[in-house]
Amino acid sequence: MDDFSVQRKQMVERQIAARGVCDSLVLAAMKNVPRECFVLERWRDHAYEDRPLPVALGQTISQPFIVALMIEALGLQGGEKVLDVGTGSGYAAAVLSKIAAEVYSVERLSDLVAYARERFQSQRYDNIHQLQGDGSLGWPEHAPYDAIVVAAAGPDVPEPLREQLTLGGRLVMPLGSAGRIQMLVRETRRGEDRFKRDALGEVGFVPLIGAEAWHENNN
Ligand code: SAH
């Protein structure tokens, strides 16, 4: 095993499984995705630390434990269609792609779309589909989704995302504003207009900026 594989295995054991994430699909996926390839070159030696890291344009690659917690909360069995809002580095989409059948990933900043695309292509993540645009509107062309994960905090769950969930589908997203403590929530679609909400804990994310979210310079 190379040094990064050893660090990756330790990350899964010490930062993720030890804190209570036990879904074997999530643990296996996180053992499989080379996080060092998704961070900026100069941060490679820090890739397996227990924290978020800067990517570009003030955005971050989330802390590994938080990625695991969010994906576990989606309750995937394998084979689903998943929408990932806020591609960022592409790391969470890569983890999802090891579990789901198809991953649709939306990012508003074109430089990050390109950053993630390079990595998906060189590592052959062929089941990840990318869109540059406002993910607070979802990606209606491919809806409905079995699961939706949003990696940026908004004032509330955007209505278009609710509408793009299958019946029984789950959405996980942080609610709140930048720089403040936010609440990670899961909504499960129980009926046409019926959603059950669970609170999963306090988190800190960059703002979701879009038509159904915060407006730029005002979050
Ligand atoms: N999942 C990422 C972390 C993303 S950080 C990873 O694993 O690295 C949140 C990302 O959401 C940022 O890249 C930010 O540009 C993006 N974002 C913010 N508002 C958005 C919106 N309305 N639509 C799509 N992406 C958005």
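Numbers for residues simply follow the sequence, beginning at 1. Side chains included, hydrogens not; waters and symmetry mates left out as well; all remaining heavy atoms used. Indexing begins at 1, ligand by ligand and atom by atom, following the structure's order.
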Exercise for the section: Return the residue, atom name and 0.1 Å-rounded distance of the protein heavy atom closest to atom 23 (N) of ligand 1. Expected result: Gly135 N, 2.7 Å
Completion exercise
Here the atoms of ligand 1 under 4.0 Å from any heavy atom belonging to Ala92 are 1 (N), 7 (O)
Handout entry: ligand 1 contact on Leu109 by region, counting heavy-atom pairs under 4.0 Å
Key = side chain
Problem - Any donor-acceptor N/O pair, Asn127 side chain to Ala101 backbone, under 3.5 Å - result: yes
Problem - Per-residue contact class, Leu57 against ligand 1 - non-hydrogen pairs under 4.0 Å - result: neither
Completion exercise
Ranking Gly88, Ser89, Pro174 by closest non-hydrogen atom to atom 8 (O) of ligand 1, top hit is Ser89
Completion exercise
The closest protein heavy-atom partner of atom 9 (C) of ligand 1 is Ala151 O, 3.3 Å
Problem - Where ligand 1 meets Val206 - atom numbers and elements under 4.0 angstrom, heavy-atom basis - result: 9 (C)
Problem - Side chain proximity check, Ile148 to Leu165, heavy atoms < 4.5 angstrom - result: yes
Practice task
Please could you name the atoms of ligand 1 that Gly133 approaches to less than 4.0 Å, counting only its heavy atoms?
Solution key: 23 (N), 24 (C)
Exercise for the section: Before signing off on this row, confirm whether Asp84 and ligand 1 have an N or O atom pair separated by under 3.5 Å. Expected result: no
Problem - Contact check: Leu112 vs ligand 1, nitrogen or oxygen atoms, below 3.5 angstrom - result: no
Exercise for the section: Provide the number and element of each atom of ligand 1 under 4.0 Å from a heavy atom of Ile61. Expected result: 8 (O)
Handout entry: salt bridge (charged side-chain N to carboxylate O under 4.0 Å, His left out) between Glu187 and Arg162, worked out
Key = CA-CA 8 Å; Glu187 286 202 353; Arg162 286 202 175 108; 2.7 Å; yes
Practice task
Check Arg194, Arg189, Arg190 against Glu192 for a salt bridge (charged side-chain N to carboxylate O under 4.0 Å, His left out) and give me the one that passes.
Solution key: Arg189
Problem - Test item, Ala94 contacting ligand 1 (heavy atom, 4.0 angstrom) - result: no
Handout entry: Check: Ala152 N/O within less than 3.5 Å of ligand 1 N/O
Key = no
Practice task
Determine, using heavy atoms of Thr87 and all atoms of ligand 1, whether some pair is separated by less than 4.0 Å.
Solution key: yes
Problem - CD (Gln77) with more than 12 external heavy atoms under 6.0 Å - result: no
Practice task
Check for a donor-acceptor pair, side chain of Gln130 on one end and backbone N or O of Val113 on the other, with a separation under 3.5 Å.
Solution key: yes
Problem - For atom 11 (O) of ligand 1, the protein heavy atom that lies nearest, with its residue and separation - result: Gly86 CA, 3.2 Å
Problem - Enumerated ligand 1 atoms positioned under 4.0 Å from heavy atoms of Thr60 - result: 3 (C), 4 (C), 5 (S), 8 (O)
Exercise for the section: Report the part of Gln59 (side chain from C-beta onward, or backbone N, CA, C, O) that has a heavy atom under 4.0 Å from ligand 1; answer both or neither where that applies. Expected result: side chain
Problem - Sub-4.5 Å side-chain heavy-atom contact between Arg35 and Gln7 - result: no
Practice task
Assess whether side chain to side chain donor-acceptor pair (under 3.5 Å) is satisfied between Glu36 and Tyr48, documenting all intermediate values.
Solution key: CA-CA 8 Å; Glu36 72 276 12; Tyr48 290 94; 2.4 Å; yes
Practice task
Please examine the side chains of Gln132 and Ser110, heavy atoms only from C-beta on, and report whether any two atoms are closer than 4.5 Å.
Solution key: yes
Handout entry: Among Glu107, Gln63, Arg108, closest by any non-hydrogen atom to atom 16 (C) of ligand 1
Key = Glu107
Practice task
May I ask you to check whether Ser62 has an N/O atom sitting below 3.5 Å from an N/O atom of ligand 1?
Solution key: no
Problem - Sub-4.5 Å side-chain heavy-atom contact between Pro34 and Gln123 - result: yes
Exercise for the section: Could you check if a side-chain atom of Asp146 sits within less than 4.5 angstrom of a side-chain atom of Leu76, using non-hydrogen atoms only? Expected result: no
Practice task
Verify, without hydrogens or angle tests, whether Trp214 (side chain) and Ala153 (backbone) share a donor-acceptor contact under 3.5 angstrom.
Solution key: yes
Exercise for the section: Of the side chain and backbone of Ala93, name the one, both, or neither that has a heavy atom under 4.0 Å from an atom of ligand 1. Expected result: neither
Exercise for the section: Describe, in one word, how the ring planes of His142 and His129 are oriented to each other, choosing from parallel (under 30°), tilted (30 to 60°) and perpendicular (over 60°). Expected result: parallel
Practice task
Assign the ring pair Phe38 / Phe120 to parallel, tilted or perpendicular, where the plane angle (0 to 90°) is split at 30° and 60°.
Solution key: tilted
Practice task
Ignoring angles and geometry beyond distance, decide whether Ile209 reaches within less than 3.5 Å of ligand 1 through its nitrogen or oxygen atoms.
Solution key: yes
Practice task
Heavy-atom contacts with Tyr91 under 4.0 Å: which atoms of ligand 1 show up? List them by number with element.
Solution key: 7 (O)
Handout entry: Polar atom proximity, Gly210 to ligand 1 (N or O, under 3.5 Å)
Key = no
Problem - Those atoms of ligand 1 less than 4.0 Å from some heavy atom in Pro207 - result: 18 (C), 19 (N)
